[in-house]
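Quick one: the structure is below, and I'll ask about it shortly.
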Amino acid sequence: MYLFTSIFLLACCVLRALSLFSGKFIIQSLNVTFLILLLAITITLNMLALLEIQWSKITLHDWWRNEQFWLIGGTSAHPVAVIEVLLKVIAGIDNSFTLTSKPVAADDSEDEFAELYEF
């Protein structure tokens, strides 16, 4: 599932970057139909986010951190993992790596994200 969503996330990010660097917009003209469709999609996504927050009983801050990690993973870690598997299967290249962890400070109050480094 992650590979499927990664493709769309990468396409979205690349298209935005290309339009910024080239100076040409993806949508050449704005008409009322497009703006209504864009507004409907935006409202639907916001309502889905609120529904997810209500359903999971988490705070808005926790939900936002989860979305950030999902976007970072979807645009970097998952496609790289797919490339690594393809290299292993097609070319026979074994890419071994070691998982390391950041040591947690003795006083957890120093680092507000200390729980993210615990395994």
Side-chain angles (χ1 to χ4, degrees):
M1 185 67 180
Y2 290 120
L3 173 63
F4 184 70
T5 57
S6 295
I7 292 169
F8 294 107
L9 282 171
L10 284 172
C12 180
C13 292
V14 168
L15 285 175
R16 288 179 184 173
L18 286 177
S19 76
L20 284 174
F21 288 130
S22 68
K24 297 179 182 176
F25 294 107
I26 299 170
I27 306 298
Q28 295 299 323
S29 64
L30 298 176
N31 56 18
V32 176
T33 308
F34 173 74
L35 292 176
I36 290 173
L37 181 64
L38 188 63
L39 181 65
I41 291 171
T42 303
I43 290 172
T44 304
L45 286 175
N46 286 327
M47 290 178 70
L48 282 172
L50 289 174
L51 184 64
E52 183 180 349
I53 291 170
Q54 290 294 324
W55 173 73
S56 61
K57 294 181 175 57
I58 59 174
T59 64
L60 182 63
H61 183 265
D62 292 337
W63 175 82
W64 182 247
R65 294 288 297 163
N66 183 43
E67 292 297 313
Q68 288 174 338
F69 282 123
W70 184 79
L71 182 66
I72 291 168
T75 55
S76 61
H78 302 135
V80 169
V82 170
I83 290 170
E84 180 184 355
V85 169
L86 288 175
L87 282 174
K88 184 182 255 185
V89 171
I90 294 172
I93 299 172
D94 190 16
N95 227 359
S96 61
F97 61 92
T98 305
L99 182 63
T100 59
S101 63
K102 180 179 176 182
V104 179
D107 184 17
D108 287 341
S109 63
E110 291 177 21
D111 187 8
E112 81 179 279
F113 301 112
E115 74 275 359
L116 298 176
Y117 301 113
E118 294 175 3
F119 290 101

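Because the structure is a prediction, the values reported are computed rather than measured. Here, residue 1 is the first one in the sequence, and each next residue gets the next number.
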Test side-chain contact (heavy atoms from CB on, under 4.5 Å) applied to Ile41 - qualifying residues, sequence neighbours left out: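 Testing Ile41 for side-chain contact (heavy atoms from CB on, under 4.5 Å), a comparison that skips the adjacent residues, returns Leu37, Leu45.
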
By side-chain hydrogen bond (donor to acceptor under 3.5 Å, both in side chains) - contacts of Gln68 (at least two apart):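 Here the qualifying residues are Arg65.
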
Connected-component partners of Met47 among ILVMFWY, side-chain separation under 4.5 Å: Leu39, Ile43

Apart from Leu50 itself, residues in the same hydrophobic cluster as defined by side-chain heavy atoms under 4.5 Å: none

Side-chain hydrophobic cluster, 4.5 Å single linkage: members besides Trp55: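 Same cluster as Trp55: nobody, lone residue.
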
side-chain contact (heavy atoms from CB on, under 4.5 Å) involving Asn31 - partner list, sequence neighbours excluded: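 By the side-chain contact (heavy atoms from CB on, under 4.5 Å) rule, Asn31 matches Thr33, Phe34.
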
With sequence neighbours excluded, residues passing side-chain hydrogen bond (donor to acceptor under 3.5 Å, both in side chains) with Asp62: Thr59

Cluster companions of Val32 among Ile, Leu, Val, Met, Phe, Trp, Tyr (side-chain spacing under 4.5 Å):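 For the cluster that includes Val32, the remaining residues are Ile36.
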
Qualifying residues under side-chain contact (heavy atoms from CB on, under 4.5 Å), relative to Ile90, sequence neighbours excluded: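 Residues passing side-chain contact (heavy atoms from CB on, under 4.5 Å) with Ile90: Leu86.
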
side-chain contact (heavy atoms from CB on, under 4.5 Å) against Leu60, all qualifying residues, sequence neighbours excluded: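 Counting only residues at least two positions away or on another chain, Leu60 forms a side-chain contact (heavy atoms from CB on, under 4.5 Å) with Ile53, Trp63.
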
